[in-house]
> 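Input: one structure, supplied below.
Reminder, nothing fancy here: chain letters follow the sequence lines and each chain counts from 1. Below, all heavy atoms of this structure are taken into account, side chains as well, without hydrogens, waters or symmetry copies.
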There are 2 protein chains.
Amino acid sequence: MATRARRTQRRRQVLSREQIIDTAIELLDAGGAGGLTVRALTERLATGSGAIYYHVGTRDELLDTATETVIAAALATEPARAPATPENEIRVVALGLFDAIAEHQWLATRLAVQLTRNPWGPVTVGIFEKIGRQVRALGVPQAVWFVAASTLVHYILGAVSQTRIDGYTSGVETDEDREKFLEAASMAWQELDPADYPFMHAISGQMREHDDREQFLAGIALILDGITNLR
Amino acid sequence: MATRARRTQRRRQVLSREQIIDTAIELLDAGGAGGLTVRALTERLATGSGAIYYHVGTRDELLDTATETVIAAALATEPARAPATPENEIRVVALGLFDAIAEHQWLATRLAVQLTRNPWGPVTVGIFEKIGRQVRALGVPQAVWFVAASTLVHYILGAVSQTRIDGYTSGVETDEDREKFLEAASMAWQELDPADYPFMHAISGQMREHDDREQFLAGIALILDGITNLR
DNA sequence: ACCTGAACACCGTTCAAGT
DNA sequence: ACCTGAACACCGTTCAAGT
């Protein structure tokens, strides 16, 4: 029963690393990357700026940590409804990331920043490992594991970074907003000079009736098909 | 011969929009995104900050413009060595972007930022149009043009963003640096607990003998294969 | 060990004023 | 029309000092 205050440790610690990270994510969700300032953090947590640096380091390091936290959570959730084929598992991972970005819009940009700066950091490694295992389960020869996995990962990260929900207003997205956005994009395409942009013009119609999620999965299916052809 | 100073226009204009953009790109190449400050620009151009805003607007807008300029140049160059099959044309576009990022390292991050904020801006449209035409030339049915093109574009942008050359020191990259980097990454993988990261562990060997460019093209080949299977 | 908060250096942007 | 540059508001980070 030595559980009583060991030594005369003053035990004033009232601020935790986790608490700071959670608050940071809240600020990011509410105001994007610009919403996370050291001052906003200290205000919300009723503390001084030094405390932040003591617990989590630089603002940039905090941003890294926040990203890793959210991604790890996204990779950890396992719905496991559909039969557990490798193809389905890959889809689950991909959609998990997709949804994480829909929920935390700042992730799209920050993910890109982070991958550029440190391509083989914990984020990529985590995603790569999850995808890679399923690639192996697909039964393709070991010699092509790397190409197969990296093509999938690159596609997923590329697609997911470019899937924006609502950039500026940084709030909840209504279906109306979304429709207006697609409408506007589709119209912008049609206004392009058909002589200069024949292709864009030709497919502008497919824009209005286009579902991001569905399109995203169609791309994965296409790549999976290419992979199994490697066998 | 009305070429003589028309009217008594004072003609003090000595600073051009183009000049500012070029200098901005120089600063970016030399010091990354952090190297482009309004103050550094005014110093190099021997002018006041107001002049910058007058010609190119906000720092953020200048960054957009610089990106568009570099990307447009990358898409414009046509080597045209190999026979002009659609597959080869797609490879040329992809490698053009790859090389542009190798030359202007800040592009990787900025591209991602820009695509997230405005997914259907001039940059994406330009790339999409170029890729799309070749997809059409591939002879796949119109119904799948969009999936085919967007899968390629997403892969290319994802892969190219994650291909880093040398992030921090922001200088020229020596082969030695590169080898050290790959060596370090490969070793980091092997140090991962094989129980937690069996896949990464299994392919860590392929890392050392891996050529970014080759790998990039292998991914494209894989996707092209998937696309032609749609026929 | 944990935290405070004033101080510092450095940002982007504006705008009255000049030519 | 084109440009100057002081002024402003707002950053991230440090660090001596407190408990």
> Which atoms form the tightest heavy-atom contact between B:V93 and B:K130, and what is the distance?
CG2-CD, 3.9 Å
> Any side-chain to backbone donor/acceptor pair from B:T116 onto A:S161? Under 3.5 Å, distance only.
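Checked: pair present.
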> For A:A46, report the nucleic acid contact type (base, sugar-phosphate, nothing); a contact means any heavy atom under 4.0 Å.
sugar-phosphate
> Provide, to the nearest angstrom, the distance between the CZ atom belonging to B:R39 and the P atom belonging to C:dA9.
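Atom CZ in B:R39 sits about 14 Å away from atom P in C:dA9.
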> Check step by step if salt bridge (Lys or Arg N to Asp or Glu O under 4.0 Å) holds for B:E43 and B:R39.
CA-CA 6 Å; B:E43 201 173 330; B:R39 276 165 177 82; over 6 Å; no
> What is the distance, to the nearest angstrom, from the CD atom on A:E43 to the C1' atom on D:dC11?
15 Å
> Using atom CG of B:L45 as one end and atom C1' of D:dC2 as the other, report the distance to the nearest whole Å.
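Checked: the CG to C1' distance equals 15 Å.
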> Name the orientation class of the two ring planes belonging to B:W120 and B:F146 (parallel below 30°, tilted from 30 to 60°, perpendicular beyond 60°).
tilted
> Tell me whether B:H154 contacts the main-chain N or O of B:S150 through its side chain, where contact means a donor paired with an acceptor under 3.5 Å.
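Here the side-chain-to-backbone pair exists.
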> Figure out the CG/P separation between B:L36 and C:dC10, and round it to whole Å.
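So the two atoms are 17 Å apart, to the nearest Å.
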> At their closest point, which heavy atom of A:I20 faces which heavy atom of A:A51, and how far apart are they?
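Taking A:I20 first and A:A51 second, the nearest heavy atoms are CD1-O, 4.4 Å.
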> Whole Å only: how far is the CG atom of A:L15 from the P atom of C:dA1?
17 Å
> How is the base pairing of DNA chain C summarised as a dot-bracket string, given the Watson-Crick and G-U wobble criteria with both distances under 3.5 Å, [ ] for crossing and | for another strand?
||.|||||...|||||.||
> Identify, residue by residue, the members of residues 48-61 of chain A with a heavy atom below 4.0 Å from DNA chain C, and return them in order of residue number, or none.
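Output list: A:G48, A:S49, A:G50, A:A51, A:Y54, A:H55.
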> Does B:E18, at its CD atom, have more than 12 non-hydrogen atoms belonging to other residues, nucleotides or ligands within less than 6.0 Å?
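Count not over threshold, so no.
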> Classify A:L41 by what it touches in the nucleic acid, base, sugar-phosphate, or nothing, heavy-atom distance under 4.0 Å.
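Answer is nothing: A:L41 stays at 4.0 Å or more from every strand.
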> Is any side-chain N of the basic residue among A:E89 and A:R133 closer than 4.0 Å to the acidic one's carboxylate O?
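Between A:R133 and A:E89 there is no salt bridge, as every charged N stays at least 4.0 Å from the carboxylate O atoms.
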